[in-house]
Amino acid sequence: MVADSTINEIKTRLNIIDIVSEYVPLKRAGQTFLGLCPFHKEKTPSFNVHPSRQIFHCFGCHKGGDVFTFVSAIEGLAFPETLEKLASRAGVTLERTKVKRPLPQGPAGSAQAMEALTWAAKYFHFLLTKRPEGKAILAYLEERGLTQKSIERFNLGLAPAGWSGLRDQLVKRGFSPLTLQEAGLLTVKEDGKNFDRFRDRLMFPITDKEGHVIGFGARRLNDDENQPKYLNSSDSPIFSKRRNLYGLFENARGIRLKGEALIVEGYMDVIGLWEKGIDNAIAVMGTALTDEHCRLIRTLTNRVVTVFDPDRAGEEAWRHSIHLLMEHGILARDVSLPKGQDPDDFAKDKGADAFYELCAKAPRQITKWLKEIAGRGTLGEHEKSDILNSLAPIIRATRRLNDRVTIWDNICLVLGVSTNALKALAESQPAAPTSQEKPRAPSAPAVRPPPVLKKDPVEMALLKNAIICHTEFLAVDEFEWKPILREATVRGLLELVHKTPTAQLAAALQTELGRLTPEDEITPLLSGFLVQEPKATADDRETLQALLNSVRNRARQAEIKKLSTQAQLAQRMGNEAESLEILGKIRELRAQISPET
């Protein structure tokens with residue numbers, strides 16, 4: 001842990017204007033500086049930086065906070081990494097030992113295998129970019145629209161055509177054949193002889209979420225049809241296609257900034273899109289989307305667009321992904337590309353803006369599928385039953401979604417079935433595997449990130465207007481609002497606002513802003529006020545009174561609901577006197593509820 005005093009010292013030594021200016025051109029506009037927001041597309045500047053308060057706020061997308069919040073969001077860094085970056089810049093020594101990020105540890109020897117993979121990636125990259133044998137492949141990549149920038153970004157390489165080029169190089173560096181075998185770099189024959197797994201291939205290093213090389217994808221460069229066009233590292237304790245996504249590390253920042261991940265089919269799609277400025281794509285590697293993939297994606301975002309090739313395999317891929325993504329709280333959208341074009345082709349022809357526009361207009365996967373079913377016309381009972389069974393995993397997956405009612409209504413409309421039929425299907429268990437199918441090993445319960453709880457909009461509005469109309473709010477007795485607020489955080493801030501003199505309010509709110517996370521809904525509320533400091537209008541004062549009235553009414557209605565239950569219980573127990581007494585209290589409360597404007 002780092003002491004608050006150290007964090008404050010870093011803030012004191014840095015100027016947020018200097019930091020933000022490295023990413024956003026700023027112009028002075030009165031007491032603040034103004035620029036185009038780096039977190040969303042806009043043509044008119046709404047991104048404000050306040051130099052004296054050392055905060056930023058965008059009135060377009062409502063992101064806001066201090067220098068730590070900004071660097072964390074713009075760089076896609078966790079707080080510890082942001083702290084180290086800004087401490088180094090400020091010349092502040094952190095009061096803890098900086099630990100070098102360790103390599104993933106599996107069975108004995110995995111650290112050496114990981115190091116061998118790192119050296120292999122360097123060797124392949126050297127052959128492609130520095131040796132004569134790489135010139136033809138560089139020309140091929142240039143024809144595909146790739147520049148040196150993307151070749152370096154994704155560390156592309158070339159595996160030599162011989163049987164032992166890589167093995168010989170790494171053995172010279174002290175790696176044993178056993179370690180190279182564990183790393184998936186050697187293939188061992190039955191007679192014990194070994195040779196390079198990857199030969200005469202364009203190499204795509206695959207990294208884990210920390211950036212360590214854990215395996216390779218490889219594209220065939222010769223015309224030998226007996227060899228697969230693409231070859232991956234074999235599954236091992238280090239690498240698994242089911243547990244990793246290509247481009248996740250390289251495009252993590254783009255996914256965080258855009259708040260959305262694009263799932264594509266191949267390596268070249270990810271790289272080709274990045275080359276065109278589309279930096280939030282990731283790819284499955286020759287396998288269908290899995291639960292492990294979904295959990296990885298949820299560490300970065302809960303918004304997904306699938307952009308698969310417009311062929312039969314692509315259609316099967318996005319349909320297969322619907323229920324898996326739903327199980328993880330993701331209602332994904334699916335892009336329909338023009339026939340004959342993959343994502344890379346479309347981006348080359350139309351550019352990044354057109355590609356992102358296509359993604360923005362894409363329908364939800366389930367909506368797209370239901371439209372296709374509806375387009376088949378009248379369905380026979382047998383066909384309807386088959387479709388319903390195919391939708392069963394999706395229906396089960398909707399049980400925990402807020403949009404369940406809407407999705408079920410649409411399914412009922414298209415198939416002409418009742419909600420009771422869907423309920424029965426949702427409560428049924430998946431069929432056991434047939435004798436031809438391998439039963440799945442029981443998997444560990446999915447570790448889902450805690451849900452982001454939305455704060456009560458009425459109480460958030462009350463907080464906002466209490467800050468703007470501070471003088472009027474000070475005149476309101478605390479007992480009129482404090483006991484009836486539901487949100488502890490909002491209640492605590494309102495208590496602070498209520499006891500703080502107007503002259504000291506901005507400083508107090510600035511301190512509170514530094515304690516909030518970027519994801520907290522209160523963060524943009526406070527940063528917006530501190531940047532703009534709007535003056536209270538007559539409408540604002542009326543709104544404050546209406547909101548106070550609303551929370552009072554809501555508290556009375558909640559009490560009425562509770563008393564009504566008690567009255568019903570008293571009646572069922574035959575206690576008429578108690579029931580009548582409670583009904584009298586209910587009438588009194590109803591009389592106190594005032595009309596809301």
Side-chain angles (χ1 to χ4, degrees), residues 137-147 149-151 153-154 156 201-206 216-221 223 225 227-232 241 244-248 250-251 254-255 258 260-290 293 297 303-322 324-325 332-365 368-369 372:
I137 312 308
L138 288 174
Y140 161 77
L141 294 174
E142 187 176 346
E143 287 178 11
R144 291 290 304 265
L146 302 190
T147 63
K149 187 177 179 181
S150 56
I151 291 169
R153 172 70 174 176
F154 291 90
L156 302 187
R201 287 181 177 270
L202 174 61
M203 301 301 291
F204 301 87
I206 300 165
F216 292 93
R219 188 189 190 282
R220 189 186 69 220
L221 297 174
D223 298 325
E225 296 294 336
Q227 295 292 324
K229 183 177 180 181
Y230 279 96
L231 178 67
N232 288 322
K241 291 182 290 186
N244 295 282
L245 290 159
Y246 182 72
L248 189 75
E250 291 80 1
N251 282 342
I255 293 170
K258 293 178 174 62
E260 187 168 76
L262 312 178
I263 302 179
V264 296
E265 288 186 48
Y267 308 115
M268 289 301 293
D269 285 330
V270 172
I271 302 171
L273 291 176
W274 187 88
E275 184 72 53
K276 295 300 178 184
I278 301 160
D279 61 354
N280 57 327
I282 50 181
V284 293
M285 295 174 283
T287 186
L289 195 73
T290 66
H293 292 152
I297 293 167
R303 289 171 50 203
V304 166
V305 180
T306 50
V307 196
F308 295 133
D309 293 349
D311 53 22
R312 186 170 180 178
E315 289 180 9
E316 290 178 356
W318 71 258
R319 285 175 182 162
H320 168 81
S321 69
I322 299 175
L324 280 171
L325 291 164
R333 305 194 307 278
D334 182 75
V335 166
S336 296
L337 290 167
K339 192 172 182 179
Q341 284 196 319
D342 60 23
D344 183 24
D345 295 328
F346 185 90
K348 284 178 187 174
D349 291 345
K350 305 294 184 180
D353 288 343
F355 189 91
Y356 277 127
E357 185 178 353
L358 194 67
C359 292
K361 292 179 178 178
R364 282 182 175 177
Q365 291 179 324
K368 179 178 175 179
W369 195 4
E372 289 181 7

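Just so you know, these numbers use all the heavy atoms, side chains as well, and skip hydrogens, waters and symmetry mates.
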Quiz prompt | Side-chain heavy-atom pair Ile263, Ser321 within 4.5 angstrom cut-off | solution = no

Self-check item: Distance (rounded to the nearest 0.5 Å) between Leu146 CG and Leu141 CG
Solution: 5.5 Å

Quiz item: Take atom CD in Glu142; do more than 12 heavy atoms of anything else shown fall under 6.0 Å from it?
Solution: no

Quiz item: Taking Asp345 for the side chain and Asp342 for the main chain, is one N or O donor matched with an acceptor at less than 3.5 Å?
Solution: yes

Quiz item: For Tyr246 and Asp269, does a side-chain donor sit closer than 3.5 Å to a side-chain acceptor?
Solution: no

Quiz prompt | CA sep, side-chain torsions, deciding dist, call: Arg219, Tyr140, side chain to side chain contact (heavy atoms under 4.5 Å, CB included) | solution = CA-CA 12 Å; Arg219 188 189 190 282; Tyr140 161 77; 3.5 Å; yes

Quiz prompt | Heavy-atom closest contact (Leu156 atom, Pro205 atom, distance) | solution = CA-CD, 4.3 Å

Quiz prompt | Atom of Leu273, atom of Ala281 and distance for their closest heavy-atom approach | solution = CD1-CB, 3.8 Å

Exercise. Supply the atom-to-atom distance Ile206 CD1 to Leu248 CG, rounded to the nearest 0.5 angstrom.
Key: 12.5 Å

Quiz item: Does Asp311 offer a backbone N or O that forms a donor-acceptor pair with the side chain of Asp309 under 3.5 Å?
Solution: no

Quiz item: How far apart are the closest heavy atoms of Arg220 and Gln227, and which atoms are they?
Solution: NH1-O, 2.6 Å

Quiz item: Taking Thr306 for the side chain and Arg333 for the main chain, is one N or O donor matched with an acceptor at less than 3.5 Å?
Solution: yes

Quiz item: Step by step, would you call Ile297 with Ile255 a side chain to side chain contact (heavy atoms under 4.5 Å, CB included)?
Solution: CA-CA 9 Å; Ile297 293 167; Ile255 293 170; over 6 Å; no

Quiz item: Do you know which two heavy atoms are closest between Leu325 and Ala332, and how far apart they sit?
Solution: CD1-CB, 3.5 Å

Quiz item: So, do Phe346 and Val307 sit near enough that their side-chain heavy atoms are less than 4.5 Å apart?
Solution: no

Quiz prompt | 4.5 Å side-chain heavy-atom contact, Met285 and Tyr267 | solution = yes

Quiz item: Hey, what do you get for CG (Asn251) to NZ (Lys258), rounding to the nearest 0.5 Å?
Solution: 8.5 Å

Exercise. Run the numbers on Glu357 and Lys350 for side chain to side chain contact (heavy atoms under 4.5 Å, CB included), then give the verdict.
Key: CA-CA 11 Å; Glu357 185 178 353; Lys350 305 294 184 180; over 6 Å; no

Practice problem: List the steps and the verdict of side chain to side chain contact (heavy atoms under 4.5 Å, CB included) for Glu275 and Asp344. | Solution: CA-CA 9 Å; Glu275 184 72 53; Asp344 183 24; over 6 Å; no

Quiz item: Are Leu337 and Leu358 side-chain neighbours, meaning at least one heavy-atom pair lies under 4.5 Å?
Solution: yes

Self-check item: Between NZ on residue Lys368 and CD on residue Glu372, distance to nearest 0.5 Å
Solution: 6.0 Å

Exercise. Using a 4.5 Å cut-off on heavy atoms from C-beta on, say whether the side chain of Leu138 contacts that of Ile151.
Key: yes

Exercise. To the nearest 0.5 angstrom, please state how far the NZ atom of Lys276 sits from the OG atom of Ser150.
Key: 10.0 Å

Self-check item: Minimum heavy-atom distance Pro310-Pro338, with the two atoms named
Solution: CG-O, 3.5 Å

Exercise. Using modelled atom types only, decide if a donor and an acceptor are shared between the side chain of Arg319 and the backbone of Gln365 within a distance under 3.5 Å.
Key: no

Self-check item: Nearest heavy-atom neighbours spanning Cys359 and Val335
Solution: CA-CG2, 3.8 Å

Exercise. For the pair His293 (side chain) and Ala283 (backbone), establish whether a donor and an acceptor sit closer than 3.5 Å, ignoring hydrogens and angles.
Key: no

Quiz item: Could you state the interatomic distance from CZ (Phe154) to CH2 (Trp274), rounded to the nearest 0.5 Å?
Solution: 6.5 Å

Self-check item: Contacts of Phe355 that satisfy ring-ring contact (aromatic ring centres under 6.0 Å, His included) - sequence neighbours left out
Solution: none

